[in-house]
S.K.: 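Below: one structure in structure tokens.
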Amino acid sequence: MCGILGIAATHDVAAQLYDGLTVLQHRGQDAAGIATTDGTHLRVHKGNGLVRDVFDAKSMQGLKGRVGIAHCRYPTAGSEGTDEAQPFYVNSPYGIALAHNGNLINTDALRREVFEQDRRNVNTDSDSEVLLNVFAHELDKQKALAPEAVFRALEGVYRRVRGGYAVVMSVLGLGVVAFRDPNGIRPLVLGKRGTADGDEYAVASESVALDLMGFERLRDVAPGEAVVLTARGELFTRQCVEPQGLTPCIFEYVYLARPDSMMDDISVHKARMRMGIKLGEKILRLRPDHDIDVVIPIPDTSRDSAMELANVLGVKYREGFVKNRYVGRTFIMPGQGERAKSVRRKLNTIPLEFRNRVVLLVDDSIVRGTTSKQIVQMAREAGAKKVYFASAAPPVRYPNIYGIDMPTVDELVANGRTEAEVEALLGIDWLIYQDLADLEEAVSGPKRKVTKFDSSCFNGEYVTGVEPGYFDSIKQLRSDDAKSARRAS
């Protein structure tokens with residue numbers, strides 16, 4: 001769930017890339033980087049940490065150029081060191097920098113191909129560096145540098161690469177190249193800005209970055225489509241592979257994206273509001289005579305849902321938790337121990353909103369359950385008479401393999417358990433999950449522009465298919481035990 005951004009403009013772009021990254025920071029807090037080109041040189045600055053910590057005045061002054069890309073990293077696999085900060089760079093052919101959001105599911109096979117057939121070296125464990133070398137090899141075969149050559153090269157990339165991905169690249173002497181996987185799993189939005197010196201174009205993971213930089217959102221990059229943006233104000237597009245149908249990741253709308261973003265012509269804010277309406281209707285069906293006194297969201301991503309849910313039930317909506325803004329998102333903490341320690345540093349209760357009340361807590365989802373269990377206990381300590389818990393998403397029973405670091409099945413609280421068993425394990429008086437059909441309908445909305453989603457973490461149906469043994473391999477990379485062992489080594 002990394003954040004990516006690319007701009008081709010009529011002036012230096014580093015400052016705007018920095019600004020754009022700051023509003024994509026929620027997508028990754030592990031590392032950040034910017035690459036710019038001025039026609040003859042490609043410059044990269046990157047490092048571990050938040051955007052504000054990676055860049056200073058000196059580093060920004062060195063990032064000259066009217067074409068550039070940027071990345072904020074959230075690790076899904078591999079090591080967690082500085083070597084994996086993006087953008088990645090290769091000097092042949094021409095000079096290419098790449099930033100990638102997503103996950104390739106045939107990385108091991110590609111890594112062997114890149115070394116044995118393409119005769120290129122990959123220095124890190126990152127699938128992004130593998131992808132960069134695949135593209136570099138395919139572009140080198142074209143023996144030309146032009147949009148048509150890039151599109152032909154990407155046809156070769158699409159034949160070789162499998163997974164969910166959105167990619168931005170800076171190609172020295174050409175401009176920004178961006179493309180999206182054939183299923184449209186990971187988001188990519190295209191924007192345009194007119195200036196006195198000519199048109200400028202940008203692509204980003206979420207439209208909120210385009211809004212900040214003053215670009216008009218044109219449309220989403222289509223599944224299997226590539227775009228080339230030049231510093232001369234030109235836009236070239238090509239459908240490089242037959243799209244497999246638009247199936248965006250539904251967890252983007254549940255949790256990952258900012259509510260003020262538009263992705264695939266869907267307002268994240270409105271989608272979350274409709275999730276709350278669906279949840280409220282389900283509660284009224286199950287318990288028309290419920291005893292709920294107050295609805296309290298677990299900030300921040302559940303607020304929209306919680307407000308609409310309270311309206312449907314006709315009960316009070318109250319803010320019962322105060323959030324420490326200087327603690328990162330617990331979902332993307334590197335290990336279970338760190339997540340557990342972070343919950344109470346991150347949230348504190350307002351006891352008067354809980355005391356002697358039947359409280360319905362609302363969260364966007366329940367993944368490992370560690371955070372939810374602690375929050376329920378905090379509500380009881382604050383004096384709640386009963387604690388109910390509503391999840392705007394269905395039970396998470398399967399890993400996500402397309403760029404979200406959902407853990408292996410052993411670490412998912414709902415895997416292998418009934419809802420009643422999860423309820424008991426988390427210490428909840430009543431647990432209400434969203435139904436998957438209701439979630440998909442809520443995100444689609446009345447216009448139904450998108451009718452199918454990658455909902456694999458809920459239903460185990462992977463749109464790309466999965467090779468035998470793949471889940472065993474990601475368990476070795478993604479489990480908390482595996483990550484702890486790598487950090488200790």
S.K.: Closest approach of Val122 and Val130, non-hydrogen atoms and distance?
M.R.: CG1-CG2, 4.1 Å

S.K.: Salt bridge (Lys or Arg N to Asp or Glu O under 4.0 Å) between Glu148 and Arg238: does it pass, once the steps are laid out?
M.R.: CA-CA 9 Å; Glu148 181 64 30; Arg238 175 74 58 84; 2.5 Å; yes

S.K.: Is the shortest heavy-atom distance from the side chain of Leu5 to the side chain of Val168 under 4.5 Å?
M.R.: no

S.K.: With a 3.5 Å cut-off and no angle check, do the side chains of Ser455 and Glu461 form a donor-acceptor pair?
M.R.: no

S.K.: Between Asn415 (side chain only) and Glu411 (backbone N and O only), is there a donor and an acceptor less than 3.5 Å apart?
M.R.: no

S.K.: Please answer whether the main-chain N or O of Gly164 pairs with a side-chain N or O of Asp181 as donor and acceptor at a distance below 3.5 Å.
M.R.: no

S.K.: Return the minimal non-hydrogen interatomic distance between Leu439 and Pro394, and the atom names on each side.
M.R.: CD2-CD, 3.5 Å

S.K.: Between Arg162 (side chain) and Thr464 (backbone), is there a donor-acceptor pair under 3.5 Å?
M.R.: yes

S.K.: Can you tell if the side chain of Thr36 reaches within under 4.5 Å of the side chain of Leu17, non-hydrogen atoms only?
M.R.: yes

S.K.: Is any NZ, NE, NH1 or NH2 atom of the basic residue among Lys278 and Glu440 found under 4.0 Å from an Asp or Glu carboxylate oxygen of the other?
M.R.: no

S.K.: Between Glu206 and His26, do the side chains contain an N or O donor and an N or O acceptor separated by less than 3.5 Å?
M.R.: yes

S.K.: Between Ser456 and Asp454, is any side-chain donor less than 3.5 angstrom from a side-chain acceptor?
M.R.: yes

S.K.: So does Glu138 pair up with Lys141, basic N to acidic O under 4.0 Å?
M.R.: yes

S.K.: What are the two closest non-hydrogen atoms of Met262 and Val189, and how far apart are they?
M.R.: O-CG2, 3.9 Å

S.K.: Once you measure the plane-to-plane angle for Phe55 and His45, does it fall in the parallel (<30°), tilted (30-60°) or perpendicular (>60°) bin?
M.R.: tilted

S.K.: Less than 4.5 Å apart, side chain to side chain, heavy atoms only: is that true for Gln244 and Pro223?
M.R.: no

S.K.: Looking only at side-chain N and O atoms, does Glu200 offer a donor or acceptor that is under 3.5 Å from a partner on His11?
M.R.: yes

S.K.: Counting only heavy atoms from other residues, nucleotides and ligands, does the tally under 6.0 Å from CZ of Arg119 exceed 12?
M.R.: no

S.K.: Report the C-alpha distance between Arg258 and Asp300 in whole Å, list the side-chain angles of each, state the deciding distance to 0.1 Å, and finish with yes or no for salt bridge (Lys or Arg N to Asp or Glu O under 4.0 Å).
M.R.: CA-CA 10 Å; Arg258 278 180 44 147; Asp300 286 316; over 6 Å; no

S.K.: Is there a donor in the side chain of Ser59 and an acceptor in the side chain of Asp56, or the other way round, less than 3.5 Å apart?
M.R.: yes

S.K.: What are the two closest heavy atoms between Asp211 and Asp260, and how far apart are they?
M.R.: OD2-O, 4.1 Å

S.K.: Does Val367 offer a backbone N or O that forms a donor-acceptor pair with the side chain of Ser365 under 3.5 Å?
M.R.: no

S.K.: Passes ring pair (Phe, Tyr, Trp, His ring centres under 6.0 Å), Tyr462 versus Tyr470? Steps please.
M.R.: CA-CA 12 Å; Tyr462 297 94; Tyr470 181 75; 8.5 Å; no

S.K.: Look only at the side chain of Ser205 and the backbone of Ile4, and say whether a donor-acceptor pair between them is shorter than 3.5 Å.
M.R.: yes

S.K.: If only atom types and distance count, is the side chain of Asn103 paired as donor or acceptor with the main-chain N or O of Ile401 below 3.5 Å?
M.R.: yes

S.K.: Does the side chain of Val150 come within less than 4.5 Å of Leu139's, by heavy atoms?
M.R.: yes

S.K.: Answer yes or no: does atom CZ of Arg219 have more than 12 heavy-atom neighbours from other residues, nucleotides or ligands under 6.0 Å?
M.R.: yes

S.K.: When you measure from the centre of the six-membered ring of Phe88, is the NZ or CZ of Lys46 under 6.0 Å away and within 45° of the axis?
M.R.: yes

S.K.: Only one of Asp125, Thr124, Asn48 clears side chain to side chain contact (heavy atoms under 4.5 Å, CB included) with Asp83; which?
M.R.: Thr124

S.K.: Only counting residues at least two apart or in another chain, list the ones meeting ring-ring contact (aromatic ring centres under 6.0 Å, His included) with Phe236.
M.R.: none

S.K.: Please determine whether a side-chain nitrogen of the Lys or Arg among Glu308 and Arg272 lies less than 4.0 Å from a carboxylate oxygen of the Asp or Glu.
M.R.: no

S.K.: Between Tyr201 and Gly233, which heavy-atom pair has the shortest distance, and what is it?
M.R.: CE1-O, 3.5 Å

S.K.: Less than 4.5 Å apart, any side-chain heavy atom of Ile105 and any of Tyr402?
M.R.: yes

S.K.: Can you tell if the side chain of Leu190 reaches within under 4.5 Å of the side chain of Phe215, non-hydrogen atoms only?
M.R.: no

S.K.: Within the distance-only criterion (no hydrogens, no angle test), does the side chain of Arg193 pair as donor or acceptor with the backbone N or O of Met213 below 3.5 angstrom?
M.R.: yes

S.K.: Side chain to side chain contact (heavy atoms under 4.5 Å, CB included) with Leu246: which of Lys452, Lys449, Arg180?
M.R.: Arg180

S.K.: Which label fits Phe179 and Tyr158: parallel for a plane angle under 30°, tilted from 30 to 60°, or perpendicular past 60°?
M.R.: perpendicular

S.K.: Hey, does the side chain of Gln434 reach the backbone of Met275 with a donor-acceptor pair shorter than 3.5 angstrom?
M.R.: yes

